[in-house]
Undergrad: 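Quick one: structure below, then a few questions.
For clarity, every value in this text was computed on a predicted model and none was experimentally measured.
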Amino acid sequence: MQLNDHEQVACASFMLKKDARHWWATVKLTRNVEAMTWADFIREFNQKYYNSAILRAQQDEFLNLKQESMTVIEAVKKFEQLSRLCPFMVKIKEERMRRMMYMFQLDIALAIESGGSLPTTVARCVERAVQIKYIMAQVKEERTKYYEAKRNQRKEGTEGQTKNINKGFKPNYKPNQSSNFKKKGKPSGQGSQNNQSQRRNPYNYSPCKKCGKCHPGECRAGNLNICYRCEKEGIM
């Protein structure tokens, strides 16, 4: 099918989308697109989307592309998009695979390289990366479940021990129980007074109504020569 310049420009502009369609609307306001040749269209389009600054930025993005948090499929899709903009950087199959291995996460790349024979095609490399990522996800999930179960077992064991200890514990001290001691090792005031009274009155004599002292027999208060114990004179 042979198309003239005007038909080629019309077909190409019809396929433009999003930002490119807005760009073409601006071009139509500044130029006579009816008289535009195919070479003019290519030159205008490349000046907008493929100038030297944009090409260098896209090349840097392709060279520094890393999978990071993307899935394998997402990373490969991004790789293919950028490689189409820099075809001269991946002309041969080996260079394309090397760039792709550099893009993958380190653990995936190491697993691909350590899997015996290296993949011979880009499609096989992508297939192996997807398989490895799936296996790694499964292992991570199983490991998480294992350690979570271990934590739950330790937690249940600790709670059971605490319940058994509390169940068998019976305090010997009752707060309301009367005691002669206010603090450990220190007698209370009433206990101290009782001990002093017992030392002064070991026979539990009743206090004398005359002198107020505790002694047996007749009170001899005022007579200093008579002993309270033997009742003899001349001893005091």
Undergrad: Considering non-hydrogen atoms only, spot the tightest contact between M36 and V27 and give its length.
TA: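 Scanning both residues completely, I find the closest heavy atoms to be CE-CG1, 4.1 Å.
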
Undergrad: Considering all heavy atoms of both residues, which atom of F79 and which atom of R96 are nearest to each other, and what is their separation?
TA: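 So the minimum-distance heavy-atom pair works out to CZ-O, 3.7 Å.
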
Undergrad: Between F104 and Y134, is there shared hydrophobic-cluster membership here, with clusters defined by ILVMFWY side-chain heavy atoms closer than 4.5 Å?
TA: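 No, because F104 and Y134 fall into different hydrophobic clusters, even though each may have its own neighbours under 4.5 Å.
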
Undergrad: Which distance, rounded to the nearest 0.5 Å, do you find between the CG of N64 and the OH of Y102?
TA: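 OH of Y102 is found 6.0 Å from CG of N64.
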
Undergrad: Checking the side chain of E7 only, and the main-chain atoms of N4 only, is there a donor and an acceptor separated by less than 3.5 Å?
TA: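 Yes, the answer is positive, given that a donor and an acceptor are paired below the 3.5 Å cut-off.
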
Undergrad: Any idea which heavy atoms bring M103 and V76 closest together, and the distance?
TA: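 Distance-wise, the nearest heavy atoms are CE-N, 4.2 Å.
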
Undergrad: Before giving the answer on side-chain contact (heavy atoms from CB on, under 4.5 Å), spell out for K78 and L82 the whole-Å C-alpha distance, their side-chain angles and the decisive distance to 0.1 Å.
TA: CA-CA 6 Å; K78 184 70 173 178; L82 294 176; 4.1 Å; yes

Undergrad: Decide yes or no for D5 and F41: does some side-chain heavy atom of the first lie under 4.5 Å from some side-chain heavy atom of the second?
TA: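 D5 does not reach F41 side chain to side chain.
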
Undergrad: Under the rule for salt bridge (Lys or Arg N to Asp or Glu O under 4.0 Å), what residues qualify as partners of K133, not counting sequence neighbours?
TA: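 Checked K133 against salt bridge (Lys or Arg N to Asp or Glu O under 4.0 Å); zero matches.
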
Undergrad: Tell me every residue that passes salt bridge (Lys or Arg N to Asp or Glu O under 4.0 Å) with R21, counting only those two or more places apart in sequence or in another chain.
TA: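 Result, salt bridge (Lys or Arg N to Asp or Glu O under 4.0 Å) vs R21: none returned.
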
Undergrad: Would you confirm whether the ring centroid of W24 sits within less than 6.0 angstrom of the ring centroid of F14?
TA: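 No, the ring of F14 stays outside the 6.0 Å limit from the ring of W24, centre to centre.
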
Undergrad: Using every non-hydrogen atom in the two residues, find where C125 and M97 come nearest and quote the distance to one decimal.
TA: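 Answer, listing the atom of C125 first, then M97: CB-CE, 4.3 Å.
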
Undergrad: Nearest 0.5 Å please: distance from the NZ atom of K28 over to the OG atom of S13.
TA: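 So the gap between those two atoms works out to 7.0 Å.
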
Undergrad: Do R154 and K150 have side chains that approach each other closer than 4.5 Å (heavy atoms only, starting at C-beta)?
TA: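 Side-chain contact under 4.5 Å: yes.
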
Undergrad: Determine whether E61 and R56 satisfy the following criterion, salt bridge (Lys or Arg N to Asp or Glu O under 4.0 Å), listing intermediate values before the conclusion.
TA: CA-CA 9 Å; E61 184 179 4; R56 284 196 298 270; over 6 Å; no

Undergrad: State plainly whether one hydrophobic cluster holds both F45 and L55, where clusters connect Ile, Leu, Val, Met, Phe, Trp and Tyr through side-chain heavy atoms under 4.5 angstrom apart.
TA: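 Cluster IDs for F45 and L55 match.
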
Undergrad: Does one hydrophobic cluster hold both L110 and I135, with members joined at side-chain heavy-atom distances below 4.5 Å?
TA: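 In one cluster: no.
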
Undergrad: If you round to the nearest 0.5 Å, how far is CE of M136 from CD of E141?
TA: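 One gets 14.0 Å once the value is rounded to the nearest 0.5 Å.
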
Undergrad: Got a second to check how far E142's CD is from Q138's CD, nearest 0.5 Å?
TA: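 Those atoms lie 7.0 Å apart.
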
Undergrad: Would you mind reporting whether E80 and M100 have side-chain heavy atoms less than 4.5 Å apart?
TA: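 In short, these two side chains touch, coming nearer than 4.5 Å.
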
Undergrad: Might you work through the side-chain contact (heavy atoms from CB on, under 4.5 Å) test for F88 and Q59, ending with a clear yes or no?
TA: CA-CA 10 Å; F88 58 92; Q59 291 173 9; 3.1 Å; yes

Undergrad: With rounding to the nearest 0.5 Å, note down the distance linking CD in Q105 to CD in Q67.
TA: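 Between Q105 CD and Q67 CD, I get 4.0 Å after rounding to 0.5 Å.
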
Undergrad: If you draw a 6.0 Å radius around NZ in K77, do more than 12 non-hydrogen atoms from other residues or ligands fall strictly inside?
TA: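 No, not enclosed.
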
Undergrad: Do you know which two heavy atoms are closest between W23 and L16, and how far apart they sit?
TA: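 For W23 and L16, the tightest heavy-atom pair comes out as CZ3-CD1, 4.0 Å.
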
Undergrad: On a heavy-atom basis, which atom in L3 and which in C11 lie closest, and how many Å separate them?
TA: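 That closest heavy-atom pairing would be CD1-SG, 4.3 Å.
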
Undergrad: When rounded to the nearest 0.5 angstrom, what is the spacing between NZ in K93 and CZ in R98?
TA: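 Nearest 0.5 Å value for the NZ-CZ distance: 15.5 Å.
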
Undergrad: Is there side-chain contact between I108 and M101, with at least one heavy-atom pair below 4.5 Å?
TA: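 Not touching, per the 4.5 Å side-chain cut-off.
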
Undergrad: Does any non-hydrogen side-chain atom of M89 lie less than 4.5 Å from one of L63?
TA: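 Yes; the side chains approach each other to less than 4.5 Å.
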
Undergrad: With a 4.5 Å limit on heavy-atom distance, are the side chains of R143 and Y147 in contact?
TA: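 They are in side-chain contact.
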
